[in-house]
Engineer: 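Below is a structure I'd like to ask you about.
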Amino acid sequence: MELTVLVFLPAVAAALILLLPQKQEGLARWIALAASVAILALSIWMFFDFDKGQTGFQYVVRKEWVDVGSFNLQYFLGADGLSMPLLVLTTALTAASVLVSFSVTMRPRAYYACLMVLSTSVLGVFCALDFMLFFLFWELELFPMFLLIAVWGSGRKEYSATKFVLYTIFGSAFMLVGILVLAFSQGTFDIEQLGQAQIAGTAIPVGWVFLFLFIGFGVKLPIVPLHTWLPDAHSDAPTAVSVMLAGVLLKMGGYGILRMCVTILPGVADDYSVWFAAIGAVSILYGGFITLRQTDLKRLVAYSSVSHMGIVLLGIGALGSTALMGATYQMLAHGVITGLLFGMVGLMYDRTHTREIARLGGLARQMPLLATGMVFAGFGSLGLPALGGFIAEVTVFLGTFERYEWAVLMGIFGVVLSAGYILWTMQRVVFGPVRHEWDSLPDQNHWWEHSVVAGLAALVIVLGVYPALVMDMIGPAINTIMLRVGS
Amino acid sequence: MLLLESAPHVPTIAEGILWAILASPIVAWALIVLYVRKLPKIAGWLTVAGVGTACALSFVTLFNVIDASGGIAIHTHEWFTAGNLTVHFGVRVDGLTAVMLVVVTSVSLLVQVYSHGYMAGDPGYGRYFAHMCLFTTSMLGLVLADNLFMMFMFWELVGLSSYLLIGFWFHKPSAAAAAKKAFIVTRVGDLGLLAGMLLIWSKTGTFQVDEIQKIASEGLVAHWVVTWFALGIFAGAAGKSAQFPLHVWLPDAMEGPTPVSALIHAATMVAAGVYLVARFFPVFEASGDARLVVAWIGGITALIAATIALVQTDFKRVLAYSTISQLGYMMLALGAFGYVAAIFHLFTHAFFKALLFLGSGSVNHATNTFDMRKMGGLRKQMPVTYWTFVIGSLSLAGIFPLAGFWSKDEILLAAWRESRGLWIIGFSVAFMTAAYMFRAIFLTFHGTYKGGEPVDHHDPDNHFHGDPAHPHESPWVMAGPLAVLAVPAIAAGWFNINGAFGDFILHALPETTEKGSEFAWGIAISSTLVALAGIFVAYAVYIREWVTSKTIREGFAPLAMVFERKYFLDNLYEDFFVRTVLQRGWNRLLELNDKYVVDGIVNGSASLAGSVSRRAGVVQNGQFQTYGLGFAAGVIVVVVAVFAAHPL
């Protein structure tokens, strides 16, 4: 029941918003805010109510949905230690994305309705336990994303929106084949059952099934070389969408790999693990090197995400409990940190109307609060201890070192690269001589801006100083996966 | 401290006190962050209170550990678990910790007091003290940590506070660049530390310092693991402690406010690398090879930095290169089995180098410049600064009976025992040290005053008050700490005359082949003579001008240019490697690949699909004749195919 409310409350809010008469369109943002605060509170309550000692899914909702011969679908939701923190991440970033767009005045009803539908679809992905239901939520996300980028974006927004959608559908097509082959061979779409079954006798070899699923999730993560949609989508998307995209949408890829590829086909994952580690290490370095060349602030953060998501894949490659927990933690930490970083970039863009690094500079003088938030988020991104990213990165590196030390020794160079691109960016954007063209611009000055920055910064610190809070929840879920891999 | 009769036993100090040492500056930091916008003036006092509390508690700890004859106490707690990884958060106290605690907090306290005067009127006054508190906490955490993971965390946080303080005047492009450079260069070293940490954990499953020491010295892991782990630790140490070839960030770090240079980039943080190597000394001993690397890198660093210091015209940069050189000395000592010598020198150096830096700040406060060519004759107007500076310089030069004499002597003795080559390096560095310090003194305080740097009143960030044309002695908040620091600069070396200091910190190690502190007349006399010779040369050139510096420079023009250009390392790293090879070469190549190859395939397949559909669309031209033709052709094909497959 809780999960149904959690997933569909934003959708209900979207419906309400669309029903608003034009005169009351100013209410749209308040409805969106109320809904996102409600699901945030609900998810936090569920997080603390969650029984960490228990393996398996909690808050389960299960109803028959479609039953036609061998094709039976269920409305089946549930959360375990892997999905519960991701649900909280999603609700937190939904609230953040509503707040950072509080000043949007263009077609606010459609805008907030799209954001709410987006939230429903992502929440659905993280707790759907029927593979077809999962796929429906997965595809549902494209619709609001396309509109949000194409209508409220900037630059080559139509191109980027189309590219985003087509690229994801390209991956989804493979994924759908994988899903259908799996489901028909086992006679069920039930993810829980698939995750316990010995998969054999599929219409195409299981290696191919795995690869098809992996392409679908890999586009989302993204992995090099399937990543080029990401910088385009980010740079042309409005701030809130960048926050959601980097913060939670990428995590759908990592979650999918862990929940589907690794759990359902552990043997294949083990055979392919060296490729995961290699692609992960390459993504870290490739993304890092290219980040150093970026001149657009948003593209820069986007490429840094490619690098940071490589760490997730590297950890998955190790297929050990420490590394998988680290990979999960990296998804959470990167979600909050990069969400904050995109938020700060967006707030600066709202004022200066440029993302071109060469035109910025010295902003620490005119906008001390924004600059502080930016530097904070930057240090989070480069993996400073006491902030969440550090725990995640080090756990992945430690967990992976024993199995693929060469990949880790490649990957840790990302630590220097990230220091390089982050600090160089800070030097060019917030430090240096004052530029008088920005003299009249206000600093961070609205309550919604303060609350986004303070809230996300607090989360980054909590993840950095109290890792046990989340690690203890992830642990049992990862151990369940590891039992599959081991057998 | 002078009586360590009984065998070492576990210190009785309450764990809460140790945590309170760590907590008090961070509490001050939190209060400043919360209230700084409303009450910036209280930031300074909050800092003094926080650091003062930590300092008092550090002395309590020191005396407690002395009572325990240098025994070890460890209090550790589980922090988090991920699979088979368990990370602890704990404190360890022993002789080494206690000494470091006292050095860090007492120098920090004096620097905070001094900063009240030096930073007065700066628009970032509150921010300055907040960063200083953050630094002190990070450094104390590093010193107190009982395991490598926690050390690494505070190690990085030390890097953060250093970054923030070097870039304190962030509107100056040079400061912003220097801050970035410091963080990135030290992070290159940290890469080694991280790799070492990964290696040792994967082979031993522990981060605890005492367990790693034991495993290494008892040979419970393969020798190559010990050696690579030790080299990783040293790479990290070389970054923070500015060892060749990672020393390039430290001179630039002088862009920070001078009290920052005194505390962080002279007395404490830069010694963190020496501390780290000392902490894992048994590992280096067990490796052998890694120990020799430490010794020789230390020696090379000491030599290179001393030669560059000889040709600097910036007062503060002389001190910066001198710091690098002295840190090289400490590493040289560690590599030559001189654990006690290194820590002893760290201890004495902290006081006299902090004194020298604060003295340079005092001079800057009067003249508005660090350029020695614009100074001269200041000894009359600034007697306290002058005399304390002379004391600090004599101590640094190693003149009997000042602090530096005793510790430097032990280093040279250790070098002599290890290898004659190392000793020759150390000996010649001793000569150069005396020469460059007295060159600086003569240029700054003797001769005639050359007017300082006029104040630019259009610069809103310049808070200089007073008139550089008429320099004056600094106020008591600044001169006071100079006078206080002069005491340990004279006397800190006496603690180890009977070897008490050495015994005290030696108990922090499990067992060691360290030969303890001794005194060798030959080393002592020769090093004193060479230091006096260095002073005499400076006197001959800069006071008497029997030979002018210009003549010498012309005589050794190629060599002087190498020194002045800092061995071309900045050009090699920044211009050649980062800008040319990386940014214009490799990274650009990858970017083009991403744009035209990776994304080119994506866009190419999209446009291919588009053009194929357009061509295929031609068929649907709406004419029945065409459709009928296609239909008929299709029927024929099917019929032929069926008959071909099933002949009648």
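Chain letters run A, B, ... following the sequence lines, proteins first and then strands; every chain starts at 1.
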Engineer: What part of A:T372 lies closer than 4.5 angstrom to a heavy atom of chain B: side chain, backbone, both or neither?
Structural biologist: neither
Engineer: List the steps and the verdict of ring pair (Phe, Tyr, Trp, His ring centres under 6.0 Å) for B:F89 and B:W19.
Structural biologist: CA-CA 11 Å; B:F89 205 80; B:W19 289 112; 5.6 Å; yes
Engineer: In terms of heavy-atom pairs under 4.5 Å, which option from B:E78, B:K180, B:K172 contacts chain A the most?
Structural biologist: B:K180
Engineer: Count the heavy atoms belonging to other residues, nucleotides or ligands that lie under 6.0 Å from CZ of A:R403, then report whether that count exceeds 12.
Structural biologist: yes
Engineer: Between A:I290 and chain B, with a heavy-atom cut-off of 4.5 Å, which part of the residue counts as in contact: side chain, backbone, both or neither?
Structural biologist: side chain
Engineer: Side chain, backbone, both or neither: which part of B:N603 has a heavy atom under 4.5 Å from chain A?
Structural biologist: side chain
Engineer: Could you check which of A:I391, A:L324, A:V224, A:L166 has the highest count of heavy-atom pairs closer than 4.5 Å to chain B?
Structural biologist: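 If we count pairs closer than 4.5 Å to chain B, A:I391 comes out on top.
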Engineer: Looking at B:L199, B:L198, B:I184, which makes the most heavy-atom pairs under 4.5 Å with chain A?
Structural biologist: B:L198
Engineer: Where does A:Y303 contact chain B at under 4.5 Å (heavy atoms): side chain, backbone, both or neither?
Structural biologist: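 Just the side chain, heavy atoms under 4.5 Å.
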Engineer: Using a cut-off of under 4.5 Å on heavy-atom pairs, state which of A:A419, A:G326, A:G399, A:P467 scores highest against chain B.
Structural biologist: A:P467
Engineer: Where does A:W229 contact chain B at under 4.5 Å (heavy atoms): side chain, backbone, both or neither?
Structural biologist: neither
Engineer: Below 4.5 Å from any heavy atom of chain A, which atoms of B:A175 appear? Answer side chain, backbone, both or neither.
Structural biologist: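 Looking at B:A175, nothing touches chain A.
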Engineer: With a 4.5 angstrom heavy-atom cut-off, which part of A:V408 approaches chain B: side chain, backbone, both or neither?
Structural biologist: side chain
Engineer: Between B:D575 and B:R579, does any side-chain N to carboxylate O distance fall below 4.0 Å?
Structural biologist: yes
Engineer: Taking B:L157, B:L590, B:L589, B:V188 one by one, which has the highest count of heavy-atom pairs under 4.5 Å against chain A?
Structural biologist: B:L590
Engineer: Can any side-chain N or O of A:T322 pair as donor or acceptor with the backbone N or O of B:N84 at less than 3.5 Å?
Structural biologist: yes
Engineer: When the ring centroid of A:F390 is compared with that of B:F149, is the distance short of 6.0 Å?
Structural biologist: yes
Engineer: Go through it in stages, so that I can follow the logic: the residues are A:D232 and A:K163, the test is salt bridge (charged side-chain N to carboxylate O under 4.0 Å, His left out), and I'd like the CA-CA distance, side-chain angles, deciding distance and then a yes or no.
Structural biologist: CA-CA 8 Å; A:D232 285 327; A:K163 188 173 187 178; 2.8 Å; yes
Engineer: Any idea which heavy atoms bring A:A277 and A:L314 closest together, and the distance?
Structural biologist: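 Looks like O-CD1, 3.7 Å.
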Engineer: Looking at A:V375, A:D472, A:V465, A:L409, which one has more heavy-atom pairs under 4.5 Å with chain B than the rest?
Structural biologist: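 The residue among A:V375, A:D472, A:V465, A:L409 with the greatest pair count is A:V465.
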Engineer: For B:Y163, which atoms come within 4.5 Å of any heavy atom of chain A: side chain, backbone, both, or neither?
Structural biologist: side chain
Engineer: Looking at B:L85, B:T81, B:D594, which makes the most heavy-atom pairs under 4.5 Å with chain A?
Structural biologist: B:D594
Engineer: Is A:Y167 close to chain B through its backbone or its side chain, or both, or neither, when contacts mean heavy atoms under 4.5 Å?
Structural biologist: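 For A:Y167, the contact with chain B is made by the side chain alone.
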Engineer: Is A:V434 in contact with chain B via its backbone, its side chain, both, or neither, using a 4.5 Å heavy-atom distance?
Structural biologist: neither
Engineer: For B:L194, is it the side chain, the backbone, both, or neither that has a heavy atom closer than 4.5 Å to a heavy atom of chain A?
Structural biologist: side chain
Engineer: Are A:R365 and A:D443 within salt-bridge range, i.e. N to O under 4.0 Å?
Structural biologist: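 Not counted as a salt bridge, because no side-chain N and carboxylate O are separated by less than 4.0 Å.
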Engineer: Heavy atoms only, distances under 4.5 angstrom: which of B:E156, B:M197, B:M153 has the most pairs with chain A? Name it, please.
Structural biologist: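 It is B:M153.
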Engineer: Is there a side-chain hydrogen bond (donor to acceptor under 3.5 Å, both in side chains) between B:S174 and B:E255 once you walk through the steps?
Structural biologist: CA-CA 7 Å; B:S174 54; B:E255 289 293 338; 3.2 Å; yes
Engineer: Could you check, using the six-membered ring where one of them is a Trp, whether A:F379 and B:F183 have ring centers closer than 6.0 angstrom?
Structural biologist: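 Yes, the ring of A:F379 comes within the 6.0 Å limit of the ring of B:F183, centre to centre.
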Engineer: For A:Y159, look at atom OH and say whether over 12 heavy atoms of other residues, nucleotides or ligands are found less than 6.0 Å away.
Structural biologist: yes
Engineer: Is chain B contacted by the side chain of A:I412, its backbone, both, or neither, given a heavy-atom distance below 4.5 Å?
Structural biologist: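 Looking at A:I412, backbone and side chain both touch chain B.
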Engineer: For the interface with chain B, which of A:A468, A:P433, A:S321, A:P225 has the highest count of heavy-atom pairs at distances below 4.5 Å?
Structural biologist: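 Heavy-atom pair counts peak at A:P433.
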Engineer: Could you tell me which portion of A:Q294 (side chain, backbone, both or neither) has an atom closer than 4.5 angstrom to a non-hydrogen atom of chain B?
Structural biologist: side chain
Engineer: Quick check, are the ring centers of B:W169 and B:Y128 under 6.0 angstrom apart?
Structural biologist: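 Centroid distance B:W169-B:Y128: not below 6.0 Å, so no.
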Engineer: What option among A:M325, A:M471, A:R428, A:Q427 has the most heavy-atom pairs under 4.5 Å with chain B?
Structural biologist: A:Q427
Engineer: Might you work through the salt bridge (charged side-chain N to carboxylate O under 4.0 Å, His left out) test for B:K181 and B:D570, ending with a clear yes or no?
Structural biologist: CA-CA 11 Å; B:K181 182 174 176 182; B:D570 277 337; 2.9 Å; yes
Engineer: Side chain, backbone, both or neither: which part of B:W586 has an atom under 4.5 Å from a heavy atom of chain A?
Structural biologist: side chain
Engineer: Counting heavy-atom pairs under 4.5 Å to chain A, which of B:I601, B:N593, B:V597 comes out on top?
Structural biologist: B:N593
Engineer: So, does A:S283 use its side chain to make a donor-acceptor pair with the main chain of A:G310 at under 3.5 Å?
Structural biologist: no
Engineer: Determine, using ring centers only, whether A:F397 and A:F401 are less than 6.0 Å apart.
Structural biologist: no
Engineer: Between B:D190 (side chain only) and B:L193 (backbone N and O only), is there a donor and an acceptor less than 3.5 Å apart?
Structural biologist: no
Engineer: What part of A:L382 gets within 4.5 angstrom of chain B, counting heavy atoms only: side chain, backbone, both, or neither?
Structural biologist: both
Engineer: Looking only at heavy atoms and a cut-off of under 4.5 Å, which of A:A386, A:G420, A:A323 has the most pairs with chain B?
Structural biologist: A:G420
